[in-house]
Amino acid sequence: MKFGDAIFITEQLFPTGIFRNLILMEHEHHGHASHKEHRSVKVTEGHAAHDNTGHDKHAGHNVSDFRKRFIVCTVVSVPVLALSHMIQQWLGFEWNFPGDRYVLALLSTFIFVYGGYPFLKGLYDEVRDKAIGMMTLIGVAITVAWAYSIAVTAGLEGMDFYWEMATLIDIMLIGHYFEMKSVMGASRSLELLVKMMPATAHLVRNGTVEDVRTDQLQKEDIVMVKPGEKIPVDGIVADGESYVDESMLTGESKPVKKDKGAPVIGGAVNGNGSLTVQVSNTGKDSYLNKVVRLVEDAQKVKSKTQNFADKAARILTFVALGGGVVTLAVWLLAGYPFVFALERMVTVMVISCPHALGLAVPLVVAISTSASAQRGLLIRNRTAFENARLITTIIFDKTGTLTKGSHELQEIKVLDDSLGERELLRLAAAVEQHSEHYIAAGIMRKAKEMNIAVPASDKFHYMPGMGLEGVVEGKNVKVTGPNYLEEQNIPIAEYTGVGTIVYVLTGKKVAGYMVFADEVREESFEAVQTLTASGIKNLLLTGDNERVAKKVSDELKMNGYMANVLPHEKLEKVKELQAKGEYVAMTGDGVNDAPALAQADVSIAVGSGTDVAAETADIILVNSNPKDIASLILFGKATYRKMIQNLWWAAGYNIIAIPLAAGVLFPLGIMLSPAIGAVLMSLSTIVVAVNAQLLKRRLK
């Protein structure tokens, strides 16, 4: 996938075919575009997505085309209304001339053909594909109205239906135009992400700088990023120092300091410093493309709520068709004129179009998924996301989530008289240099600070939940936690301070230990209190010792903690809570957490995490900010509420509107015309669309 100008959106979302709005981004350069297996069409201000199911197809017509047809048909509708005898009676004027009825028929036929074409084409496509839906309802209604009116003009006894048909088509055109605009707006945030990528980069080659297209960059290339420019590609800072604004990509509001060795994301905005960046990811492996694919996958998969809306919309389509026929028959059997019965039938078919029901869930899906991605909340499993409303307990991993995860080395205690502090640290660093664990990072930072030359080590071995071992200069060296000593029955005086402790063993002898201190993140307290206020219990789960776990739990006023927990025990802890009837959310950021994440009802990988954790999790948080976890859960609840609100509005509208359209209150003088029915149907769609758009406020 290369970056460029074109954004492709295929319609896979909407259940009954209203713009199945799956975001499928492909990027063109010089007329060449990569193609996916999905059939997609380019969506811009002038293009509407095309539904492969045949349902609610817009016959290839774009947004501007609907607007143009609406304007033309509305202008032509003015003389149609003026020539209609019923309108003349209502307004108290008379305008007759020889052949006026033929002029009326001709103008109305133009509106029927030109304005009705998208709906007639949609009718044809739906019948051909055996996917009867909304276009069928509209197409049948306007065809029956036009055909009957032409028959009246040709001599059949009765009243024509021209003005009703013309206004119905006008309203349906403008209604579809606004609906398409609303759906396209749901994808705009991701479009903006893609547009953030600069088209060119400053490539540093052989001491010279040349501008090249970003799609020409290769791994290991060096690019220069000037102050105020957008970073063209994912990479590692090779030289320079600056603050980078990643807010549009990760949701991190504050500029992030970047210096040598720090990762940067393509699309982020460089601050006042100049950076030299070594390219690490290009094309499909870039952060932004991974986000797009995650959003795409999340929008492909329908949740139970969306499947319910699918079935309801399909049922309502047939109810509308059947209800229209029954309404026609009932009024004819009651002795009313055919034109009256026909009007009732058309009104029922129009007003019961399940547009609002079709949009109710998918539009919320599109908005919530894309808006979340823009805040660094990546949803892989929509059902789990919507099930956030069911969460009763959330388990927090401590390090790097509730705490900063820096683990600075605070104390070195030597127990072997033949060694000094520097030698103990040197041996430990030799083993830990192979690890990316936060303890290893702390040891390596301290060794660098003390200018210790770290020797090579052989036979490196990772002991899950225990520590590391290797051979350094012929010595077998282990760096372990208390669990290893306990398992091996190695006696050691208990450490009574507060901190994370690791032991260094040479052979089977404990040569000394190191104490690390981690700092609680400022945002953690607010996150925990937000969840507590929402009725969600929060527990701390850590492999750290009891004292550290208790200190963090008490400081944050959590509901409890579980300390000294080994990787396989994390899974068991989740199962224990589930066995008690708890609906469990689990947060984690490493391989050790993967089994527990897989077991949890809702799993959240925090930070960049590991590939295993990210693949296991339902939701990925780009940042490790615990406030994002609280925001995500509350946003999941808000998303589900929006879906239910929209479903109730759409269903409630039809429950009330269909009987009115059929004429049940006609004895009381209350009767809806087809045009009024179309207005109400369009208004219901707009209400659903606006209500869905309000969801964005929940992430502000």
Side-chain angles (χ1 to χ4, degrees), residues 13-21 56 134 179 182-183 185-186 295 298-317 319-320 351-372 375 377 379-392 394 530-531 533-536 583 585 601-602 618-619 630-658 680-700:
L13 258 185
F14 291 101
T16 52
I18 308 177
F19 313 111
R20 293 186 177 266
N21 178 2
D56 195 23
M134 284 170 255
E179 181 184 320
S182 296
V183 173
V295 173
Q299 292 184 335
K300 277 182 191 175
V301 181
K302 296 179 183 178
S303 65
K304 292 181 180 179
T305 312
Q306 191 166 337
N307 284 327
F308 171 77
D310 286 6
K311 293 177 183 177
R314 280 194 290 270
I315 292 171
L316 187 57
T317 298
V319 168
I351 207 168
S352 56
C353 280
H355 271 247
L357 189 57
L359 276 175
V361 173
L363 195 54
V364 173
V365 168
I367 290 171
S368 64
T369 310
S370 56
S372 297
R375 286 291 304 273
L377 316 177
I379 300 167
R380 295 183 67 245
N381 183 334
R382 284 217 57 85
T383 298
F385 173 62
E386 292 167 24
N387 284 346
R389 72 191 191 281
L390 303 175
I391 294 173
T392 58
I394 181 168
T530 299
L531 292 169
S534 299
I536 298 174
Y583 200 87
D601 298 295
V602 179
D618 299 316
I619 301 156
S631 296
L632 176 75
I633 292 173
L634 297 182
F635 188 57
K637 288 185 174 185
T639 296
Y640 183 77
R641 283 197 301 270
K642 282 295 179 191
M643 289 180 177
I644 299 303
Q645 288 170 9
N646 277 357
L647 286 174
W648 271 111
W649 169 262
Y653 153 80
N654 281 292
I655 290 170
I656 296 172
I658 291 177
L680 292 176
M681 189 274 292
S682 297
L683 283 176
S684 70
T685 302
I686 291 171
V687 169
V688 165
V690 170
N691 190 42
Q693 293 288 344
L694 292 176
L695 186 63
K696 292 180 180 178
R697 295 187 176 184
R698 300 294 308 204
L699 273 180
K700 295 296 184 183

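In this chain, numbering begins with 1 at the start of the sequence shown.
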Taking all non-hydrogen atoms of both residues into account, name the closest pair between Leu531 and Ile394 and its distance. CD1-CG2, 4.0 Å
Which value, rounded to the nearest 0.5 Å, describes the distance between Lys637 atom NZ and Phe385 atom CZ? 12.5 Å
Closest non-hydrogen contact found for Ile391 with Ala585 is CD1-CB, 3.6 Å
Does the side chain of Ile536 come within less than 4.5 Å of Ile633's, by heavy atoms? yes
For Ile656, enumerate each residue passing the side-chain contact (heavy atoms from CB on, under 4.5 Å) test, keeping only those at least two apart in sequence or located in another chain. Leu660
Checking Asn691 now: which residues fulfil side-chain contact (heavy atoms from CB on, under 4.5 Å) with it, not counting sequence neighbours? Lys642, Gln645, Asn646, Leu694
Nearest 0.5 Å please: distance from the OG1 atom of Thr639 over to the CG atom of Leu634. 10.5 Å
Where is the tightest heavy-atom contact between Ala384 and Val602, given as atom of each residue plus distance? O-CG2, 3.6 Å
Nearest heavy-atom neighbours spanning Ala388 and Gly636: CB-CA, 4.1 Å
